[in-house]
2 protein chains.
Amino acid sequence: MNTQLIDLNEDLPVQPCSHEYQASCNNCRLSSICLPFALEASEIDQLDNIVQRSKPLQKGQHLYRESDDFQSVFAVRSGTMKAYRTTDDGREQVTGFYFPGEILGMDGISNNSHASSAKALETAAVCEIPFTSLEKLSASMPHLQRHFFQLMSREIAEDQQLITLLSKSSADERVAALLLSISTRNARRKLSPTNFRLSMSRVDIGNYLGLTVETVSRVFSRMQKLGVLRVENKEIEILDTDALMKMADAH
Amino acid sequence: MNTQLIDLNEDLPVQPCSHEYQASCNNCRLSSICLPFALEASEIDQLDNIVQRSKPLQKGQHLYRESDDFQSVFAVRSGTMKAYRTTDDGREQVTGFYFPGEILGMDGISNNSHASSAKALETAAVCEIPFTSLEKLSASMPHLQRHFFQLMSREIAEDQQLITLLSKSSADERVAALLLSISTRNARRKLSPTNFRLSMSRVDIGNYLGLTVETVSRVFSRMQKLGVLRVENKEIEILDTDALMKMADAH
DNA sequence: AGGGAATGTTGACTTGAGTCAATAAGGGGA
DNA sequence: TCCCCTTATTGACTCAAGTCAACATTCCCT
């Protein structure tokens with residue numbers, strides 16, 4: 001078992017909210033892919049009233065920890081969050097990476113306590129959505145209720161995809177699939193699908209994909225040699241998307 | 001890639017409902033662990049009105065298939081269901097086994113089409129819960145809305161546990177964890193936690209756990225030799241639960 | 001009850017990813 | 001800016017689980 005090194009950033013206080021981080025959901029550029037999706041302007045205003053925007057996080061800082069009381073779900077506004085759980089014997093499993101516009105914390109609803117921990121991989125801003133308020137609002141706003149059911153369902157479907165990946169795929173396939181997932185999610189946010197910076201370390205990638213760091217590193221090198229990627233540290237350029245897609249499911 | 005053998009049972013017609021399979025949720029012995037959980041009698045009646053009980057399935061018959069239109073979620077009343085998805089290159093991944101009192105089909109909500117297929121592992125009866133009705137009812141019944149959110153959340157948390165299992169654990173650990181999961185779920189239904197019949201084949205177990213049949217078989221033999229289990233075909237007796245629990249997370 | 005297909009078991013061998021180890025390259029703090 | 005600690009890369013070797021193959025058993029179907 002690996003002993004966890006002390007994380008100096010963990011217990012930094014949450015920054016005071018010295019200025020407005022975002023006036024409202026209405027003028028947030030992420031609204032089309034985030035919770036407000038499919039809501040009308042007046043409905044967005046109501047949602048807006050329950051959303052709290054006072055949580056900028058430093059790199060390495062936790063948003064919540066496993067077994068903390070569950071109060072809220074969170075939407076990422078900027079930066080990247082990683083969710084992970086710790087097994088009984090102390091090993092970590094990264095269960096997901098969350099980019100702007102994506103919702104995390106839904107796994108805490110069932111038990112009223114968070115089933116995983118969430119940590120900022122870089123400076124990150126999140127919107128906090130208190131769950132009891134969201135429930136009340138959902139009861140009166142069919143679109144919102146529907147959308148939240150859909151978000152949870154999507155999380156299930158995505159987890160199942162990861163299950164398939166972990167169960168059936170080679171190291172190459174796994175890494176290719178992750179890169180394509182990031183690429184697609186970037187596209188949704190109007191960012192380049194081919195050039196991006198990995199906010200997570202090789203360790204995190206390996207942990208998420210069920211591989212060791214060494215294997216991840218070797219796969220990157222191999223793909224670079226094949227001309228599929230250009231890897232320079234955390235900067236990734238996908239040179240041949242088709243080839244990458246083939247690698248992602250060619251067994 | 002394995003070619004799928006033709007499944008002779010697949011297209012049998014749904015049996016006509018010649019008698020009442022279950023008068024109502026109110027007198028269903030599973031109500032305490034199923035959807036009605038935490039509802040009051042009058043609320044259960046309302047839920048009861050939208051539940052349809054006309055779906056007994058033969059072994060091997062499908063309840064729904066991947067990419068079918070999503071209309072309903074289903075509660076298992078008797079028998080066992082298996083959910084699985086087919087990857088682009090034709091491989092199968094079993095994503096879950098569902099026992100009486102458990103809900104399946106929630107992964108279809110996000111897309112309005114089922115993200116997986118569901119098949120009966122033995123003769124099985126299910127309750128169909130039309131989702132639009134459930135949504136409407138949820139809006140007026142906070143307990144129901146809450147409980148359904150919790151069910152979805154639990155599915156997420158359980159998938160994450162499987163992810164951890166697939167990502168980090170040895171063959172022994174995986175098999176031990178599955179057996180313990182079945183044992184716990186049996187206990188919830190007042191069945192023996194130590195003696196039960198596996199309704200799924202070794203192939204399904206292997207597929208679910210990301211192992212080959214041969215490996216599953218070898219693990220069973222090994223555990224039997226160690227005196228942890230008695231395995232006789234599909235009949236399992238857990239002889240030493242503590243040892244099994246140690247095997248489930250001892251790395 | 002009998003026969004044949006499907007399912008399960010066991011053994012021998014192979015292999016992809018893990019482990020261990022050495023080295024290189026970054027990057028944040030004083 | 002330099003230094004040190006963290007992160008990443010590469011190589012050599014090992015091993016757990018996969019593959020291939022033979023055989024045993026079970027479960028349907030007639």
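By convention in this document, chain letters (A, B, ...) are assigned in the order of the sequence lines, proteins followed by strands, and residues within each chain are numbered from 1. Heavy atoms only: backbone and side chains are in, while hydrogens, waters and symmetry mates are out.
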Exercise for the section: Verify whether one side chain among B:Thr212 and B:Thr215 offers a donor that lies under 3.5 Å from an acceptor in the other. Expected result: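 Yes, B:Thr215 and B:Thr212 have a side-chain donor paired with an acceptor closer than 3.5 Å.
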Practice task
Can you check whether any acceptor in the base of C:dG16 is under 3.5 Å from a donor in the side chain of A:Arg218, or vice versa?
Solution key: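 Check fails, no donor-acceptor contact within cut-off.
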Grab the two heavy atoms, one from [X] and one from [Y], that are nearest each other, plus how far apart they are.
X: B:Leu180; Y: B:Thr241; result: CD2-CG2, 4.2 Å
X: A:Phe97; Y: A:Asp204; result: CZ-O, 3.8 Å
X: B:Arg174; Y: B:Leu165; result: NE-O, 3.8 Å

Practice task
Could you tell me whether the side chain of A:Asp159 and the main chain of A:Ile156 form a donor-acceptor pair under 3.5 Å?
Solution key: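 Side chain of A:Asp159 to backbone of A:Ile156, a donor-acceptor pair under 3.5 Å: no, none is there.
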Exercise for the section: Report the residue (A:Arg174 or B:Lys234) whose heavy-atom-nearest nucleotide on DNA chain C is the more 5′ of the two. Expected result: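 Its nearest nucleotide being more 5', the pick is B:Lys234.
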Residue-phosphate contact under 4.0 Å: [X] side-chain N/O, [N] OP1/OP2:
X: B:Lys59; N: D:dC28; result: yes
X: B:Asn233; N: D:dC27; result: yes
X: B:Thr212; N: D:dG18; result: yes
X: B:Thr215; N: D:dA17; result: no

In this structure, how many angstroms lie between the [atom2] atom of [N] and the [atom1] atom of [X], rounded?
X: B:Leu209; N: D:dA16; atom1: CG; atom2: C1'; value: 16 Å
X: A:Arg202; N: D:dA8; atom1: CZ; atom2: C1'; value: 7 Å
X: A:Arg197; N: D:dA8; atom1: CZ; atom2: C1'; value: 14 Å
X: B:Met200; N: C:dA6; atom1: CE; atom2: C1'; value: 18 Å
X: B:Asp204; N: C:dA6; atom1: CG; atom2: C1'; value: 13 Å
X: A:Lys168; N: C:dG16; atom1: NZ; atom2: P; value: 18 Å
X: A:Arg222; N: D:dT9; atom1: CZ; atom2: C1'; value: 13 Å
X: B:Glu232; N: D:dT25; atom1: CD; atom2: P; value: 13 Å

Which part of the nucleic acid, if any, lies within contact of [X], taking any heavy atom under 4.0 Å across all strands shown: a base, the sugar-phosphate backbone alone, or nothing?
X: B:Val216; result: nothing
X: A:Ser201; result: sugar-phosphate
X: B:Gly206; result: nothing

